[in-house]
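Quick notes on the structure that follows.
Both backbone and side-chain heavy atoms feed into the values below; hydrogens, waters and symmetry mates do not. These figures come from a predicted structure and were not determined experimentally.
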Amino acid sequence: MTPATPQEDNILQRYEWLDDNRVIGFVDYYVFDEVCMIMHTEVLPALAGRGLGSLLASKAMEHVAETGKTIVPICGFLVHYLRKNPQHHALVTPASRRVFNIGP
């Protein structure tokens, strides 16, 4: 299976990964002024362990960087992803970096 690139749905405030018009993964978020709160990341259980969640997280980080907003990661998966991907640390609010032990 080669699913399409993750797409953003501004109305639902989520990034979705579709395959044959079926949602196989998503990242939910809320935007408050200059802060983007990433709430939840999910991939179909049958597709777990294939890196799809990380790809979705990466697309979400790209979007946040493009909009000039900062991140508050509520989602445990995203916190774990951010700890392993220092290229995104600058996007995380200083308080969130301290609370979730993300980078220096």
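- For the residue pair P73 and L78, the shortest heavy atom distance occurs at CB-CD2, 3.9 Å.
- The SG atom of C36 sits 8.0 Å away from atom CD of Q13, with the distance rounded to the nearest 0.5 Å.
- Note that NE2 of H88 and CG of L82 are 7.0 Å apart. Values are rounded to the nearest 0.5 Å.
- Between V92 and R97, the shortest heavy-atom contact is O-NH1, 2.6 Å.
- Looking at W17 and L55, their side chains come closer than 4.5 Å, going by heavy atoms from C-beta outward.
- Legend: salt bridge (Lys or Arg N to Asp or Glu O under 4.0 Å) pairs involving residues 60-86, not counting sequence neighbours, sorted by first then second residue: K59-E62.
- Nearest heavy atoms, V64 versus T67: O-OG1, 2.9 Å.
- Counting only heavy atoms from C-beta outward, the side chains of I24 and E16 never approach each other to under 4.5 Å.
- For the side chain to side chain contact (heavy atoms under 4.5 Å, CB included) test with T93, the passing option among I71, V99, V72 is V72; the others fail.
- To the nearest 0.5 Å, atom OH of residue Y81 and atom CD1 of residue I38 are 11.0 Å apart.
- Interatomic distance, H80 NE2 to C75 SG, rounded to the nearest 0.5 Å: 11.0 Å.
- Applying the ring-ring contact (aromatic ring centres under 6.0 Å, His included) criterion to H40, with sequence neighbours excluded, gives F26.
- Between atom OH of residue Y30 and atom CE of residue M39 there is a gap of 6.0 Å, rounded to the nearest 0.5 Å.
- A donor-acceptor pair under 3.5 Å is absent between the side-chain atoms of S54 and the main chain of G51, judged by distance alone.
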Under the criterion side-chain contact (heavy atoms from CB on, under 4.5 Å), I'd like the reasoning laid out for Y29 against M37: C-alpha separation, chi angles, the key distance, then a yes or no. CA-CA 5 Å; Y29 65 91; M37 296 178 70; over 6 Å; no
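- Summarising the geometry of A60 relative to V27, their closest heavy-atom pair is CB-CG1, 4.4 Å, with the distance given to 0.1 Å.
- In this structure, OG1 on T70 lies 8.5 Å from CG on L91, to the nearest 0.5 angstrom.
- Minimum interatomic distance between H89 and N85 (heavy atoms only, all atoms of both residues): CD2-O, 3.7 Å.
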